[in-house]
Protein chains: 2
Amino acid sequence: MRADAQRNRELIATTALDLLARRGPAVSMEEIARAAGLGVGTLYRHFPDRQSLLDSVAATTLRTLLAAGRAEQSSAAPRWQVLVRIVARCTGLPLALISSLPDATRVDPTVADLVAELDALFQGLVEDAQREGSLRADLTGAQVVGLLNVAVCRPGARADDPLTTVLLDGLRARP
Amino acid sequence: MRADAQRNRELIATTALDLLARRGPAVSMEEIARAAGLGVGTLYRHFPDRQSLLDSVAATTLRTLLAAGRAEQSSAAPRWQVLVRIVARCTGLPLALISSLPDATRVDPTVADLVAELDALFQGLVEDAQREGSLRADLTGAQVVGLLNVAVCRPGARADDPLTTVLLDGLRARP
DNA sequence: ATTAAGCTGAATGCCATACTCCGGTTGACC
DNA sequence: GGTCAACCGGAGTATGGCATTCAGCTTAAT
């Protein structure tokens, strides 16, 4: 593969991720192309269709997140700290949203698997934090994860958002 | 106006509000019609176009909310209580969202005014609660209102949602 | 210099959705 | 219970946005 092609492929993926994070899951191919300073045709040279591009970006990102998550998981830090760090890390990721939404048309098995794994990791972490006594115990793991999703998967979300801050404070177990 | 027309007009408004709350701001005229058990033609008999219907529903709802808010405001209850009650009251309202979003196409002056008034009322309330010492003071009124908006204006939001609960807990001033 | 891989973006086709309209229905008044 | 204007239904039309294609031009690599 020619060097410029390689570069463009990565540029497309990065740009797509960025736009998805900032403007939500409805970005058009045209928008992505323009933001990357390329023509739409180039996107289609690298990805057969829109879904492909989305899947590819999702898979890459989810894999990174999963790796980071597993690393954190086996650290010695208190579970609460771990959770906060992972949430920060995930912020701005709209892809979990794309996939976790009851979106009928989504079926890519790789992405689905990754989402499931990430979900399980998160839930385990939440439940550990509850056992540790740092996270309020009146919600199920799934509920907490669902709620963190809202905080994290918003167009334009940032880790130091008021929303994220307040939500995390609200999740902290009362003294 | 014929009795059935009157009935249908109200049915349309109610159904639209309900669907907007449950499925978000992208509901189609067809969906609303079907949910109301009517034909699309009937919607257009009562409202010249989609925007009209949305504006009408928004204006009615916002007026009700504003009245309820003003009543609460002049009650003797602690500001925190008042705030919680109003939030509960607003939950499921997607219209504030429609209007408060940077949606370029929205210009109806009535609705804009109502939104502004409701916003001001909310902010005043939040700031009073902060002075009262029941609401954390490290956020501006506007930030708090924005964040409550997220909680309240989601498709399918409910007042006893984990999200709303946790968010309110996170907003409470620390002892 | 050669050339195949790469790039562009106007043109195409598709689909969802707002909106229209005419034939059939019905409430209201006599 | 008859009349009729208001009302309703829903197939059909118009439109706009978006994914996707492709013919002609560029450029990296040798």
Side-chain angles (χ1 to χ4, degrees), chain A residues 1-20 22-58 94-95 98 101-108 111 155, chain B residues 1-20 22-58 94-95 98 101-108 111 155:
Chain A
M1 182 183 280
R2 252 166 59 172
D4 57 343
Q6 179 66 44
R7 231 180 308 125
N8 279 342
R9 192 188 165 87
E10 277 155 26
L11 180 60
I12 291 167
T14 321
T15 308
L17 179 59
D18 180 57
L19 273 187
L20 285 166
R22 290 196 289 111
R23 300 160 81 104
V27 270
S28 70
M29 294 300 264
E30 177 94 23
E31 275 180 282
I32 297 173
R34 197 177 307 276
L38 301 170
V40 255
T42 307
L43 304 213
Y44 286 93
R45 161 161 298 271
H46 291 288
F47 304 91
D49 56 29
R50 173 197 169 77
Q51 191 61 48
S52 247
L53 169 56
L54 262 42
D55 284 347
S56 169
V57 172
L95 298 159
I98 294 177
L101 270 175
D103 228 351
T105 51
R106 151 150 302 295
V107 279
D108 184 80
V111 174
Chain B
M1 182 182 279
R2 252 165 61 171
D4 56 343
Q6 179 67 43
R7 231 181 307 125
N8 280 341
R9 191 186 166 89
E10 276 156 26
L11 179 61
I12 291 168
T14 322
T15 308
L17 179 59
D18 180 58
L19 273 187
L20 285 167
R22 289 196 290 112
R23 301 160 80 106
V27 271
S28 70
M29 295 300 264
E30 177 95 23
E31 275 181 282
I32 297 172
R34 198 178 306 278
L38 300 171
V40 256
T42 307
L43 303 214
Y44 287 94
R45 159 161 299 271
H46 289 289
F47 303 92
D49 56 28
R50 174 195 169 76
Q51 193 60 49
S52 243
L53 169 57
L54 262 43
D55 284 347
S56 168
V57 173
L95 299 160
I98 294 177
L101 271 174
D103 228 350
T105 51
R106 150 150 304 293
V107 280
D108 184 81
V111 174

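Since the model is a prediction, treat every value here as computed from it, not as a measurement. Residue numbers begin at 1 in each chain, while the letters A, B, ... track the order of the sequences.
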> Rounded to the Å, how far apart are B:Glu30 CD and C:dA16 P?
Replying inline: 12 Å
> Between C:dG13 atom C1' and A:Met29 atom CE, what is the distance in whole Å?
Replying inline: 16 Å
> How far apart are the closest heavy atoms of A:Ala36 and A:Leu11, and which atoms are they?
Replying inline: O-CD2, 3.4 Å
> Counting only side-chain N and O atoms of A:Tyr44, is one of them less than 4.0 Å from OP1 or OP2 of D:dT20?
Replying inline: yes
> Closest approach of B:Thr42 and B:Ile12, non-hydrogen atoms and distance?
Replying inline: O-CD1, 4.1 Å
>> Using a 6.0 Å cut-off, check whether atom CZ of A:Arg23 has over 12 heavy atoms from anything other than its own residue.
In response: no
> Which of residues 32-40 of chain B sit near DNA chain D, with a heavy atom under 4.0 Å from it?
Replying inline: B:Gly37, B:Leu38, B:Gly39, B:Val40
> Looking at C:dG27, C:dG6, D:dA19, which one has an atom nearest to any side-chain atom of A:Arg45?
Replying inline: C:dG6
> Atom CD of B:Glu31 and atom P of D:dG10: how far apart are they, to the nearest Å?
Replying inline: 17 Å
> Which heavy-atom pair separates A:Asp49 from A:Met29 by the least distance, and what is that distance?
Replying inline: C-CE, 4.4 Å
> Considering all heavy atoms of both residues, which atom of B:Ala13 and which atom of B:Val57 are nearest to each other, and what is their separation?
Replying inline: O-CG2, 4.0 Å
> Got a sec? Which of residues 5-12 of chain A come in under 4.0 Å of DNA chain C, heavy atoms?
Replying inline: A:Ala5, A:Asn8
> Given that A:Gly41 and A:Ser28 both sit by DNA chain D, which one's nearest nucleotide is further toward the 5' end?
Replying inline: A:Ser28
> Rounded to the Å, how far apart are A:Leu43 CG and D:dC18 P?
Replying inline: 15 Å
>> Under 4.0 Å, counting only non-hydrogen atoms across every strand here, what does B:Arg2 touch: a base, just sugar-phosphate, or nothing?
In response: base
> When the distance from CD of A:Gln51 to C1' of D:dT20 is rounded to whole Å, what number comes out?
Replying inline: 15 Å
>> I want to confirm an ordering. Mapping B:Val27 and A:Thr42 to their closest nucleotides on DNA chain C, which one lands closer to the 5' end?
In response: A:Thr42
>> Can you tell me how far apart CG (B:Leu20) and CG (B:Leu54) are? Round to the nearest 0.5 Å.
In response: 5.5 Å
>> Between A:Leu38 and A:Thr15, is there a side-chain heavy-atom distance shorter than 4.5 Å?
In response: no
> Can you check the A:His46 NE2 to C:dT8 C1' distance for me, whole Å?
Replying inline: 13 Å
> What nucleotide, of C:dG6, C:dG27, D:dA29, holds the atom closest to the side chain of B:Asp4?
Replying inline: C:dG27
>> Nearest whole Å is fine: how far is C:dT17 P from B:Leu53 CG?
In response: 16 Å
> Of all heavy-atom pairs between A:Gly39 and A:Ala33, which one has the smallest distance, and what is that distance?
Replying inline: C-CB, 3.8 Å
> Any idea which heavy atoms bring B:Arg22 and B:Pro155 closest together, and the distance?
Replying inline: O-CB, 3.7 Å
>> Rounded to whole Å, how long is the line connecting atom CE of A:Met1 with atom P of D:dA28?
In response: 16 Å
